[in-house]
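Atoms considered below: every heavy atom in the structure, side chains included; atoms not considered: hydrogens, waters and symmetry mates. Whatever order the structure lists ligands and atoms in, that order sets their numbers, starting from 1.
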Amino acid sequence: MTKKVLVIGGSGFIGTNLIKKLVKEGEAVTSFDLHHSEYPVEGATYISGDFFDDENLERALEGMDAVYHCLSTVNPGNSNKRFMQGYSRDFVQSVHLFDLCIQKGIKVIFLSSGGTIYGVQKNQPIREDAECKPINHYGSVKLCIESVMRTFNTQTHSNMLIARISNPYGPGQDFHKGVGFVDAAVKKTLSHEPIEIWGDGTVVRDYIYIDDVVEMLYALLDYDGDQEVFNLSSNEGVSLNQVINSLKALGYTPQVTYKESRSVDVPAVVLDNEKIRTVYTGPLTSFDDGLEKYTNYLRINGWPND
Ligand SMILES: NC(=O)c1ccc[n+]([C@@H]2O[C@H](COP(=O)([O-])OP(=O)(O)OC[C@H]3O[C@@H](n4cnc5c(N)ncnc54)[C@H](O)[C@@H]3O)[C@@H](O)[C@H]2O)c1
């Protein structure tokens, strides 16, 4: 049956790609965002509004079956300076959103951060039951929000879901927003600009192609089991140097400048995806295939755009 789905932050990187998938699956989709979409999806309804305006938010939720919460006003790069914004605004308004959704019987899927919430972990790939030790306030705000969701779930028997996404990349991403090494590496290579790597390039991340992320998020829409938190990841560790080597293998000539390592970089984050793979059983894109798809996409769409 068609579901009425609200995507909060629907003009953003993940929101845009998610809306494409939801529309393709025949869901009735509304995007709620402060800004107009650069890539509007035919068949979706777009409403402009401010998440922090209670009236705007309540109106947007009217009649919805489900909500994807795809919005954060802080990122890993700026959250240590802007941490009060994260706690006083993102956190508080997310609690308000959950309360409204419980009152209205709306399912919630919250986009959390698998890349920052776990911090330094000895055991890799990291399972959802690992103790979370975020090393920045962005991850800590996400953990606070998750904690409230769990309390609501326990108290009210709501089944709000937490999607801890690793490191997505693909069409619609913009590394200038503060995250996205693959996006930066690909775009700088195509523009013949040097790529900066802090440290010796051995830092390992779990990169996941955006199409796989949205498949997993979509699979959670119908999930009604008793699990509340899922890693959305590739389960595959790729070092920064491997990203560079994969670009070379595709025939490009990336230029790299190595800089002193940063204390903010956790050496390795690879997320176990066994749980989500019981919910989304379709194929996953290998890193090399995803990188090729993305570089081709950018070239076809005229990158660099000057
Ligand atoms: N991109 C990643 O690498 C990544 C990884 C893990 C988790 N996440 C999480 O996924 C979610 C989406 O990430 P993204 O990369 O698509 O972010 P994004 O910055 O591309 O999109 C966020 C959207 O929220 C909108 N927005 C901001 N303030 C608003 C407000 N007050 N009212 C209404 N809309 C507002 C913005 O206009 C933007 O379109 C975020 O919660 C993020 O923390 C992202």
Side-chain angles (χ1 to χ4, degrees), residues 6-21 30-41 44 46-61 67-79 82 85-86 88-94 96-97 108-118 134 136-146 149 161-184 205-210 212-214 216-217 220 229-234 269 271 276 294:
L6 186 71
V7 179
I8 298 176
S11 298
F13 165 45
I14 299 177
T16 298
N17 285 285
L18 177 61
I19 288 174
K20 263 189 221 156
K21 170 72 183 168
T30 302
S31 164
F32 177 75
D33 202 295
L34 208 49
H35 302 115
H36 289 291
S37 175
E38 270 184 66
Y39 312 97
V41 180
Y46 285 83
I47 51 175
S48 295
D50 185 355
F51 176 63
F52 299 100
D53 178 315
D54 292 352
E55 264 182 43
N56 272 200
L57 182 62
E58 206 159 340
R59 214 174 308 127
L61 289 170
V67 170
Y68 286 94
H69 179 351
C70 311
L71 179 158
S72 170
T73 72
V74 290
N75 64 46
N78 67 22
S79 71
R82 295 202 194 161
Q85 180 179 320
S88 67
R89 286 177 57 80
D90 293 28
F91 171 67
V92 170
Q93 193 64 351
S94 296
H96 183 50
L97 167 71
V108 174
I109 298 166
F110 169 63
L111 275 63
S112 184
S113 165
T116 63
I117 209 161
Y118 292 109
N136 57 36
H137 285 286
Y138 169 76
S140 181
V141 170
K142 293 286 189 192
L143 191 56
C144 291
I145 296 174
E146 287 192 7
M149 295 176 78
L161 299 177
I162 297 159
R164 290 181 180 161
I165 303 170
S166 58
N167 293 85
Y169 67 96
Q173 192 168 30
D174 178 2
F175 70 89
H176 294 104
K177 285 184 178 173
V179 283
F181 176 75
V182 171
D183 186 53
R205 291 290 176 267
D206 180 321
Y207 298 107
I208 180 165
Y209 197 61
I210 188 65
D212 296 346
V213 175
V214 301
M216 291 173 177
L217 285 171
L220 288 176
V229 53
F230 295 88
N231 287 337
L232 269 53
S233 69
S234 69
V269 181
L271 304 185
I276 189 68
Y294 189 36

Glu146 bridged to Lys142 by N-O distance under 4.0 Å: no

Per atom 37 (O) of ligand 1, closest listed option by heavy atom (Leu34, Leu18, Asp33): Asp33

Protein heavy atom at shortest distance from atom 17 (O) of ligand 1: Phe13 N, 4.6 Å

Contact check, Lys142 vs ligand 1, heavy-atom distance below 4.0 Å: yes

Atoms of ligand 1, numbered as shown, that sit under 4.0 Å from any heavy atom of Gly9: 23 (C), 24 (O)

Per-residue contact class, His69 against ligand 1 - non-hydrogen pairs under 4.0 Å: neither

Residues Val229, Arg164; criterion side-chain contact (heavy atoms from CB on, under 4.5 Å); working and verdict: CA-CA 7 Å; Val229 53; Arg164 290 181 180 161; 3.5 Å; yes

Residue, atom name and distance, where the atom is the protein heavy atom closest to atom 26 (N) of ligand 1: Leu71 CD1, 3.7 Å

Stepwise side chain to side chain donor-acceptor pair (under 3.5 Å) check, Asp183 with Tyr294: CA-CA 9 Å; Asp183 186 53; Tyr294 189 36; 2.5 Å; yes

Per atom 2 (C) of ligand 1, closest listed option by heavy atom (Pro168, Gly15, Ser79, Ser48): Pro168

Heavy-atom nearest option to atom 32 (N) of ligand 1, drawn from Phe51, Tyr68, Tyr169: Phe51

side-chain contact (heavy atoms from CB on, under 4.5 Å) between Ile8 and Leu97, intermediate numbers included: CA-CA 11 Å; Ile8 298 176; Leu97 167 71; 3.9 Å; yes

Backbone or side-chain N or O of Cys70 under 3.5 Å from ligand 1 N or O: no

Nitrogen or oxygen atoms of Lys177 and ligand 1 under 3.5 Å apart: yes

Mutual orientation of the aromatic rings belonging to Phe51 and His69 [parallel < 30°, tilted 30-60°, perpendicular > 60°]: tilted

Any side-chain donor near an acceptor of the partner, Gln85 and Thr73, under 3.5 Å: yes

Proximal ligand 1 atoms for Asp50, defined as those under 4.0 Å from one of its heavy atoms: 30 (C), 31 (N), 32 (N)

Residue pair Asn17 / Tyr39, side-chain donor-acceptor N/O under 3.5 Å: no

Shortest non-hydrogen separation from Leu271 to Gly114 and the atoms involved: CD1-CA, 3.6 Å

Residue His35 vicinity, atoms of ligand 1 by number, heavy atom under 4.0 Å: 37 (O)

Proximal atoms of ligand 1 relative to Gly49 (non-hydrogen, under 4.0 Å): 32 (N), 33 (C)

Nearest candidate to atom 43 (O) of ligand 1, where distance is taken over non-hydrogen atoms, out of Tyr207, Phe175, Tyr138: Tyr138

Any Gly172 heavy atom less than 4.0 Å from ligand 1: no

Interfacing atoms of ligand 1 (cut-off 4.0 Å, heavy-atom, Ile165): 6 (C)

Residue and atom name of the nearest protein heavy atom (relative to atom 44 (C) of ligand 1), distance in Å to one decimal: Ile14 CD1, 3.7 Å

Enumerated ligand 1 atoms positioned under 4.0 Å from heavy atoms of Phe52: 31 (N)

Nearest protein heavy atom under 4.0 Å from atom 24 (O) of ligand 1, yes or no: yes

Test: Arg205 cationic atom under 6.0 Å from Phe181 six-membered ring centre, within 45° of axis: no

Residue Val179 vicinity, atoms of ligand 1 by number, heavy atom under 4.0 Å: 3 (O)

Pair Asp90-Tyr138, side-chain donor/acceptor within less than 3.5 Å: no

